[in-house]
Participant: 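Quick one: the structure is below, questions incoming.
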Amino acid sequence: MSNPEPIQNDIVVQRKKDEEPKFKLNKKKVHHFSMEHQRARAGILFATPWIIGLLLFYAYPLVSSLYFSFTNYNVISETKFIGLDNYVILFQDRLFWKSISNTLIYAAMFVPLSIIVGVSLAILLNLPIIGQGFFRTLFFLPSLLPVIALSILWQWLLNSQIGLVNYLLDLIGIAGPGWLSDPTWAKPSLVVMMLWVIGNAMLIYLAGLQDISQDYYEAAEMDGANWFWKAMHITLPLLTPVIFFNLIMGVIQALQEFTLPYALTYGTGSPAESLLFYSMHLYNNAFLYMKMGYASSMAWVLFIVIMAITLILFKTSKKWVFYQGD
């Protein structure tokens, strides 16, 4: 009779083999996964202060303003939910429509002129001339001037009685307008002031010009192209990504214009409410009349308008913005 022990041993060995995991983890992979986990944890830890700041100072005020836009919140009395009443009253407010028209007219004047002036200055300052760095610094310096100093300076320059601008116009036989005291000339005067401090946009255009490869110009010169042809068919098309960026930023800035007209008019929007911009009207309702809920609804209307215009510009950019890699 044969011994059953070898058979039993074989069965035990086979069971142990069956019980062993079919896939063994690679120690190097495990170590790699643990290192990645530690790096991710360290990254989250270092980003935690920024995340907390984002939630406290951006996300919470954003959500709160949306809620307050449906309430009668005024800091002093009890806050009550009133639904869409703020928005209904808002669209019946005469100053609301006046501030919107002032803001849109100003944006329609300032944004195209800022692009034309900024690109023209950048092209001129990109020419290889003597004193190039001096002229770049000279045109950039006004953008460093504080807004209050800027308003005081231009109030004197554009003064209808003793201003330097009207004095120079009188020398050549032209009667200068009232500028800031005339409702017709108030917004053009503000546009001139803002164009004087266009140094930041000019630097961005200048950087875009220097990013254009000289090979394009050399090839065009070999074909006999003049400076105008090169500007229209090389410089401007390849500068369109930078123009598009400044266009978006210019629209947002123009629709939120506040500091300079507020400093010029002390928040009144005079003369004849011609400089009452939307952000000024919003500020007055929030901090002068303490109508925080009403001001919150104004802020969300402005947000929707800016988002709509920005999306339209992004949709149309595919037709006129060209990239060097395309």
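Because the structure is a prediction, the values reported are computed rather than measured.
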Participant: Start with the C-alpha gap between Asn166 and Trp179, add the side-chain angles, then the distance that decides, and say whether side-chain hydrogen bond (donor to acceptor under 3.5 Å, both in side chains) holds.
Facilitator: CA-CA 9 Å; Asn166 279 358; Trp179 300 112; 2.7 Å; yes
Participant: Kindly give the heavy-atom pair with the smallest separation between Phe322 and Thr240, and that separation in Å.
Facilitator: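 Shortest heavy-atom separation between Phe322 and Thr240 comes out as N-OG1, 2.9 Å.
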Participant: Val321 vs Thr316, test: side chain to side chain contact (heavy atoms under 4.5 Å, CB included). Steps then yes/no.
Facilitator: CA-CA 9 Å; Val321 178; Thr316 59; over 6 Å; no
Participant: Just verifying a value: how many Å separate Ser143 OG and Leu203 CG, rounded to the nearest 0.5 Å?
Facilitator: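 One gets 7.0 Å once the value is rounded to the nearest 0.5 Å.
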Participant: Could you tell me which non-hydrogen atom of Met202 sits nearest to which non-hydrogen atom of Phe140, and how far apart they are?
Facilitator: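 Here Met202 and Phe140 meet closest at CE-N, 4.3 Å.
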Participant: I need the Met298 CE to Leu302 CG distance, nearest 0.5 Å.
Facilitator: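 The distance works out to 8.5 Å.
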Participant: According to a hydrophobic-cluster definition based on side-chain heavy atoms being under 4.5 Å apart (Ile, Leu, Val, Met, Phe, Trp, Tyr only), do Phe228 and Leu209 belong together?
Facilitator: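 Phe228 and Leu209: one cluster.
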Participant: Linking I/L/V/M/F/W/Y whenever any side-chain heavy atoms sit under 4.5 Å apart, do Val88 and Leu90 land together?
Facilitator: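 No; Leu90 is not reachable from Val88 via cluster members.
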Participant: Which pair of non-hydrogen atoms, one from Leu169 and one from Gly176, has the smallest distance, and what is that distance?
Facilitator: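 Residues Leu169 and Gly176, closest heavy atoms: CD1-CA, 3.9 Å.
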Participant: Using the rule that Ile, Leu, Val, Met, Phe, Trp and Tyr join whenever any side-chain heavy atoms are under 4.5 Å apart, tell me whether Leu168 and Leu157 fall into a single cluster.
Facilitator: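 Yes; tracing contacts between hydrophobic side chains, which count when under 4.5 Å, links both residues.
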Participant: Side chains of Ser317 and Leu247: closer than 4.5 Å at any heavy-atom pair?
Facilitator: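 The answer is no; the side chains never approach within 4.5 Å.
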Participant: Can a donor-acceptor pair be found, under 3.5 Å and without considering hydrogens, that links the side chain of Glu257 to the backbone of Thr103?
Facilitator: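 Checked: no pair found.
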Participant: Flag yes if more than 12 heavy atoms outside Trp50 fall under 6.0 Å of its CH2 atom; otherwise flag no.
Facilitator: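 Incorrect, the count does not exceed 12.
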Participant: Is there a side-chain hydrogen bond (donor to acceptor under 3.5 Å, both in side chains) between Asn74 and Ser77 once you walk through the steps?
Facilitator: CA-CA 6 Å; Asn74 60 3; Ser77 61; 2.8 Å; yes
Participant: Is Thr79 reaching over with its side chain to a backbone N or O of Tyr73, donor-acceptor style, under 3.5 angstrom?
Facilitator: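 The answer is no, because no donor-acceptor pair under 3.5 Å joins these two groups.
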Participant: What's the spacing between Leu206 CG and Ile123 CD1 if we round to 0.5 Å?
Facilitator: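 If we round to the nearest 0.5 Å, Leu206:CG and Ile123:CD1 are 10.5 Å apart.
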Participant: With a cut-off of 6.0 Å (strictly less than), are more than 12 heavy atoms of other residues, nucleotides or ligands near CD1 of Ile172?
Facilitator: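 Atom CD1 in Ile172 is crowded, with more than 12 foreign heavy atoms closer than 6.0 Å.
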Participant: Say you draw a straight line from OG of Ser99 to CG of Asn285; how long is it, rounded to the nearest 0.5 Å?
Facilitator: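 Rounded to the nearest 0.5 Å, the OG-CG separation comes out at 9.0 Å.
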Participant: Mind running side chain to side chain contact (heavy atoms under 4.5 Å, CB included) on Met193 and Leu158 for me, showing each step along the way?
Facilitator: CA-CA 10 Å; Met193 297 181 201; Leu158 297 179; 3.8 Å; yes
Participant: Taking the side chain as C-beta and beyond, is there a heavy-atom pair between Met222 and Glu218 under 4.5 Å?
Facilitator: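 No, too far: nothing below the 4.5 Å cut-off.
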Participant: Between Trp97 (side chain) and Phe91 (backbone), is there a donor-acceptor pair under 3.5 Å?
Facilitator: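 Answer holds: yes.
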Participant: Give me the ring orientation class for Tyr262 and Tyr283: parallel if the planes are under 30° apart, tilted from 30 to 60°, perpendicular past 60°.
Facilitator: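 Correct class here is perpendicular.
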Participant: Of all the heavy-atom pairs spanning Leu180 and Ser189, show the shortest one and how long it is.
Facilitator: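 For Leu180 and Ser189, the tightest heavy-atom pair comes out as CD2-CB, 3.8 Å.
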Participant: Is Asp93 close to His281 at the side-chain level, that is, under 4.5 Å between some pair of heavy atoms?
Facilitator: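 Sidechains of Asp93 and His281: in contact.
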Participant: Given side-chain hydrogen bond (donor to acceptor under 3.5 Å, both in side chains), test Trp300 with Ser65 step by step and report yes or no.
Facilitator: CA-CA 8 Å; Trp300 277 96; Ser65 67; 3.0 Å; yes
Participant: Which distance, rounded to the nearest 0.5 Å, do you find between the CG of Asn159 and the OG of Ser181?
Facilitator: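 These two atoms lie 7.5 Å from each other.
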Participant: With the side chain counted from C-beta on, respond yes when Pro261 and Met280 share a heavy-atom pair under 4.5 Å apart, and no when they do not.
Facilitator: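 Result yes, sub-4.5 Å side-chain heavy-atom pair found.
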Participant: What pair of heavy atoms forms the shortest contact from Ser274 to Ala186, and how long is it?
Facilitator: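 Looks like OG-CB, 3.5 Å.
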Participant: For Arg94, is there an ion pair with Glu273 - N to carboxylate O distance below 4.0 angstrom?
Facilitator: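 Between Arg94 and Glu273 there is a salt bridge, with a charged N closer than 4.0 Å to a carboxylate O.
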Participant: Counting only heavy atoms not in Tyr266, do more than 12 sit closer than 6.0 Å to its OH atom?
Facilitator: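 No - once you tally the heavy atoms of other residues, nucleotides and ligands closer than 6.0 Å, there are 12 at most.
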Participant: Would Leu121 and Tyr205 satisfy side chain to side chain contact (heavy atoms under 4.5 Å, CB included), going step by step from the backbone distance to the final call?
Facilitator: CA-CA 9 Å; Leu121 281 175; Tyr205 289 126; over 6 Å; no
Participant: Looking at Phe258 versus Phe277, is the centre-to-centre ring distance below 6.0 Å?
Facilitator: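 Not under 6.0 Å, so no.
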Participant: Is the closest side-chain heavy-atom distance between Leu141 and Thr137 below 4.5 Å?
Facilitator: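 Yes; the side chains approach each other to less than 4.5 Å.
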Participant: Here's a test for you: under side chain to side chain donor-acceptor pair (under 3.5 Å), which of Tyr216, Tyr217, Trp227 qualifies with Thr235?
Facilitator: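 So, applying the side chain to side chain donor-acceptor pair (under 3.5 Å) to Thr235 and each of Tyr216, Tyr217, Trp227, only Tyr217 qualifies.
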Participant: Does Phe314 have its ring centroid less than 6.0 Å away from the ring centroid of Phe244?
Facilitator: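 Judged by ring-centre distance (under 6.0 Å), Phe314 and Phe244 do meet the cut-off.
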Participant: Say you draw a straight line from NZ of Lys291 to CG of Asn284; how long is it, rounded to the nearest 0.5 Å?
Facilitator: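 Rounded to the nearest 0.5 Å, the NZ-CG separation comes to 10.5 Å.
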Participant: How about Val301 and Phe96: do any of their side-chain heavy atoms sit closer than 4.5 Å?
Facilitator: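 The answer is yes; the side chains approach within 4.5 Å.
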Participant: Step by step, would you call Lys187 with Val191 a side chain to side chain contact (heavy atoms under 4.5 Å, CB included)?
Facilitator: CA-CA 6 Å; Lys187 281 188 280 293; Val191 171; 5.5 Å; no
Participant: May I ask you to test the Gln253-Met194 pair for a side-chain heavy-atom distance under 4.5 Å?
Facilitator: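 Gln253 vs Met194: side chains touch.
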Participant: Between Ser270 and Leu275, is any pair of side-chain heavy atoms under 4.5 Å apart?
Facilitator: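 No, too far: nothing below the 4.5 Å cut-off.
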Participant: Is the number of heavy atoms from other residues, nucleotides or ligands within 6.0 Å of CH2 (Trp185) greater than 12?
Facilitator: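 Counting neighbours around CH2 of Trp185, 12 or fewer heavy atoms of other residues, nucleotides or ligands fall under 6.0 Å, so no.
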Participant: Under 6.0 Å between ring centres, would you say that holds for Tyr87 and Phe70?
Facilitator: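 They qualify: ring centres under 6.0 Å apart.
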Participant: Following the transitive rule for hydrophobic clusters with a side-chain heavy-atom cut-off under 4.5 Å over Ile, Leu, Val, Met, Phe, Trp and Tyr, establish whether Ile148 and Trp156 coincide in one cluster.
Facilitator: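 In one cluster: no.
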Participant: Is it the case that more than 12 heavy atoms not belonging to Gln161 sit under 6.0 Å from its CD atom?
Facilitator: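 No - once you tally the heavy atoms of other residues, nucleotides and ligands closer than 6.0 Å, there are 12 at most.
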Participant: Considering all heavy atoms of both residues, which atom of Ser151 and which atom of Leu260 are nearest to each other, and what is their separation?
Facilitator: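 Nearest heavy atoms, Ser151 then Leu260: CB-CD1, 3.9 Å.
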Participant: Same cluster or not: are Leu127 and Val242 linked, directly or through other Ile, Leu, Val, Met, Phe, Trp or Tyr residues, by side-chain heavy atoms under 4.5 angstrom apart?
Facilitator: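 Hydrophobic grouping puts Leu127 with Val242.
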